[in-house]
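Quick notes on the structure that follows.
Convention: sequence-line order gives letters A, B, ...; per-chain numbering from 1.
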2 protein chains.
Amino acid sequence: MGVSLKDVAQRAGVSIKTVSNVVNNSPHVTPQMRARVQQAIDELGYRPNLTARHLRKGRTGIIAFAVPELGNPYFAELAGAVIDAAARHDYTVLVDHTAGLRERELLVCQEFRSHVIDGLILSPIHLETADLVARHETSPLVLLGEREYEAPYDQIAIDNVAAARTAVRHLLDLGRRRITFLGSRTGQERQPAHLRLRGWREELAAAGITPDESLVVTTEGYGRADGAAAVTALLERGERPDAVFAYNDLIALGAMRTLTERGLRIPEDVAVVGFDDIEESRYGATTLTTVSPDKQAIARLAVDRLVDRLSGKPVAGPQRIRPGYRLVVRESSGGAGQGPPPEEGARGAAGD
Amino acid sequence: MGVSLKDVAQRAGVSIKTVSNVVNNSPHVTPQMRARVQQAIDELGYRPNLTARHLRKGRTGIIAFAVPELGNPYFAELAGAVIDAAARHDYTVLVDHTAGLRERELLVCQEFRSHVIDGLILSPIHLETADLVARHETSPLVLLGEREYEAPYDQIAIDNVAAARTAVRHLLDLGRRRITFLGSRTGQERQPAHLRLRGWREELAAAGITPDESLVVTTEGYGRADGAAAVTALLERGERPDAVFAYNDLIALGAMRTLTERGLRIPEDVAVVGFDDIEESRYGATTLTTVSPDKQAIARLAVDRLVDRLSGKPVAGPQRIRPGYRLVVRESSGGAGQGPPPEEGARGAAGD
DNA sequence: GTGAAAGCGCTAACAC
DNA sequence: GTGTTAGCGCTTTCAC
């Protein structure tokens with residue numbers, strides 16, 4: 001169907017190798033030869049078949065980035081950062097979503113797309129250490145996110161316990177005592193929310209407060225609707241928290257919506273702190289205080305790590321890498337009430 | 001490096017063809033032969049090399065979906081829908097972003113990744129008809145979004161003029177007369193905002209109101225920050241609109257933030273209508289009235305169209321397809337003030 | 001039902 | 001500098 005090197009060679013009256021040299025900008029081609037070949041290329045509309053090149057070279061230049069949900073702005077923003085970081089190394093990114101299903105996480109890190117992607121960056125939710133240990137695939141894998149594994153792969157995640165403690169500390173400093181945690185799942189201690197919940201427990205204990213487990217609210221998912229539902233449930237069973245620490249910004253935003261609907265003022269009656277620092281948290285009627293992981297660093301570290309392994313460079317064994325984070329205080333906890341500062345607000349997403 | 005069919009064949013003491021038959025679930029293999037080969041496959045940890053298969057078959061099963069900005073939830077949500085629609089046809093999606101740069105849009109629809117992707121769904125911003133006409137690539141291309149081209153490709157977009165008119169009609173029905181439009185770019189009549197702006201003009205004119213061009217505010221980009229800046233500019237030059245119709249939800253949300261900061265009440269003082277119906281618009285302190293394009297339909301139509309052409313089915317020539325849309329009235333225009341209805345809010349994004 | 005051989009389009013050795 | 005050749009791993013005739 002397509003035009004191949006052979007066709008071009010025939011047309012230009014040269015050998016395949018010469019055409020290949022021209023296409024690959026080999027220095028050992030005379031200008032007039034280059035011109036002659038180029039003309040044939042243009043006339044025939046030749047385009048190199050990357051699949052064939054990949055087969056020959058044993059690598060494709062594609063890395064996959066698999067996240068639970070693209071609809072969560074945190075991952076969308078992270079994906080953008082990964083694409084940019086990869087582009088700097090001439091890698092293309094295949095963005096994938098697992099919909100938070102264990103089955104799809106397994107598929108992605110197993111044989112799926114074997115030899116089509118050179119490496120994988122995966123943000124798992126349900127994967128177990130055993131799944132990882134049993135992995136057949138030999139292509140490099142970098143893990144992202146809150147879960148920690150005893151498996152021989154690079155893992156990149158901020159210190160979730162410490163970050164959560166910082167958030168809770170902030171609420172305690174504000175004089176809040178009945179701090180609810182939104183986002184744990186029942187009986188799933190190894191679920192993502194685990195570490196942040198532990199931070200909540202530890203910081204409360206450190207402040208001499210016995211963590212009241214009735215203030216921990218189970219959610220089904222990690223979206224705005226879950227945050228809204230959690231607050232509804234909480235209020236209906238008569239709890240009156242003076243602060244909310246949510247597993248992520250989406251849950252926090254959903255919670256804020258319901259709190260406001262119920263006539264509770266933020267932050268006067270209830271202070272709210274989220275996690276992720278998605279752009280949206282800077283633009284609500286009440287801006288959201290949140291733990292801000294350094295997404296650029298996360299993306300860069302993950303891609304660099306992967307590319308190093310891919311390039312065959314001697315790289316140290318699997319590591320746990322801890323990117324930075326910071327607590328961004330905004331209106332929802334009574335912080336600086338002046339709205340988004342110019343430099344933060346300057347980035348604009350493109351339209352449709 | 002990898003284990004190939006040949007290795008497995010050797011191990012099992014059969015021919016390559018037989019192994020291939022087993023791998024591809026060909027019916028013409030005896031059970032015991034299948035078992036024997038399967039054992040060799042398991043022992044060696046064989047995985048088919050998809051690159052080689054692709055080269056041989058001339059197709060890869062990958063389609064690309066290129067958007068201006070993944071950080072815009074509209075595109076992130078659409079990407080999720082495209083991935084799901086493609087999965088139903090056993091296609092994998094390569095999500096790409098062009099960062100709204102013409103250069104990258106050109107690259108994506110030209111030779112880029114030639115033979116790696118079978119087809120492309122592109123949402124362009126800066127591409128011109130001429131660029132499309134000059135396209136060399138023969139792989140199928142489906143165009144999405146507001147811009148319309150005189151080029152031989154399928155184009156899928158809601159009727160932007162009519163949708164915008166519906167939005168403005170709604171504001172007029174509410175008794176608003178000074179309706180500002182946020183999101184046009186100066187002197188770029190063919191820019192995306194063009195059709196929605198035309199809808200604004202037409203509907204005002206139809207209502208006997210001369211469109212006041214000083215109520216059209218230019219923005220640099222399409223994000224929350226742009227909406228915020230636009231309103232600031234508008235108010236500072238002394239305008240007092242009683243309604244805002246924004247090019248998209250992000251601009252609308254940014255605008256709402258600034259309006260509230262300036263002490264203007266929504267919707268009492270200023271009614272706001274957006275465009276896109278991103279999930280966020282259902283969860284702010286004030287929920288956002290917006291034009292809701294049917295994203296599922298857009299994704300499905302685009303993928304189906306592409307897959308039909310890919311499968312070599314006889315398909316009618318290039319078409320303009322118009323998916324549905326509806327105006328969702330929420331609090332920002334004084335609509336039903338009861339917050340997100342359960343069925344809409346039920347969808348939860350996964351965590352990190 | 002299974003085997004042998006050709007070739008998808010390309011690159012990398014190696015000759016000339 | 002340029003041409004020739006041998007595969008990369010797979011599927012696909014076509015024999016047997």
- Using a cut-off of strictly less than 4.0 Å, decide whether A:Ser26 has a side-chain nitrogen or oxygen near OP1 or OP2 of D:dT2. no
- Message: Without decimals, in angstroms, what is the distance between A:Lys6 NZ and D:dG3 C1'?
- Response: 16 Å
- Out of D:dT2, C:dC10, C:dG9, which nucleotide sits closest to the side chain of A:Leu5? C:dC10
- Task: Run the numbers on A:Val133 and A:Tyr149 for side chain to side chain contact (heavy atoms under 4.5 Å, CB included), then give the verdict.
- Result: CA-CA 10 Å; A:Val133 170; A:Tyr149 298 94; over 6 Å; no
- Atom CG of B:Asn49 and atom P of D:dG9 are separated, to the nearest Å, by 7 Å
- Rounding to a whole Å, what distance do you find between B:Leu50:CG and C:dC8:C1'? 16 Å
- Give the rounded distance in Å between these two atoms: NE2 of B:His115 and P of C:dG9. 8 Å
- Under a 4.0 Å heavy-atom cut-off, which of residues 11-18 of chain B touch DNA chain D? B:Ile16, B:Lys17
- How far does CD of A:Gln10 sit from CD1 of A:Ile16, to the nearest 0.5 angstrom? 9.0 Å
- Is the closest side-chain heavy-atom distance between A:Val19 and A:Met33 below 4.5 Å? no
- Task: Step through the shown structure and confirm whether more than 12 heavy atoms of other residues, nucleotides or ligands are within 6.0 Å of CD on B:Glu103.
- Result: no
- Query: Any side-chain heavy-atom pair from A:Ile298 and A:Pro293 closer than 4.5 angstrom?
  - Reply: yes
- Note on the structure: Here the distance between atom C1' of D:dC10 and atom CG of A:Leu55, to the nearest Å, is 8 Å
- Message: Counting only side-chain heavy atoms from C-beta out, which of D:dG9, C:dG9, C:dT11 sits nearest to B:Ser4?
- Response: D:dG9
- Query: Separation of B:His28 atom NE2 from C:dT2 atom P, in whole Å?
  - Reply: 11 Å
- Note: A:Asp84-A:Arg300 ion pair, threshold 4.0 Å (strictly below): no
- Query: Quick one: on DNA chain C, does B:Val29 or A:Ala52 contact a more 5' nucleotide (nearest heavy atom)?
  - Reply: B:Val29
- Task: State whether B:Ser20 places a side-chain N or O below 4.0 Å from either non-bridging phosphate oxygen (OP1 or OP2) of D:dT12.
- Result: no
- Given atom CZ of B:Arg56 and atom P of C:dG9, what is their separation to the nearest angstrom? 9 Å
- Would you say a side-chain N or O of B:Asn21 is under 4.0 Å from OP1 or OP2 of C:dT2? no
- Would you mind reading off the distance between B:Lys57 atom NZ and C:dA6 atom P, rounded to a whole angstrom? 22 Å
- Item | A:Ile62 and B:Val116, any side-chain heavy atoms less than 4.5 Å apart | yes
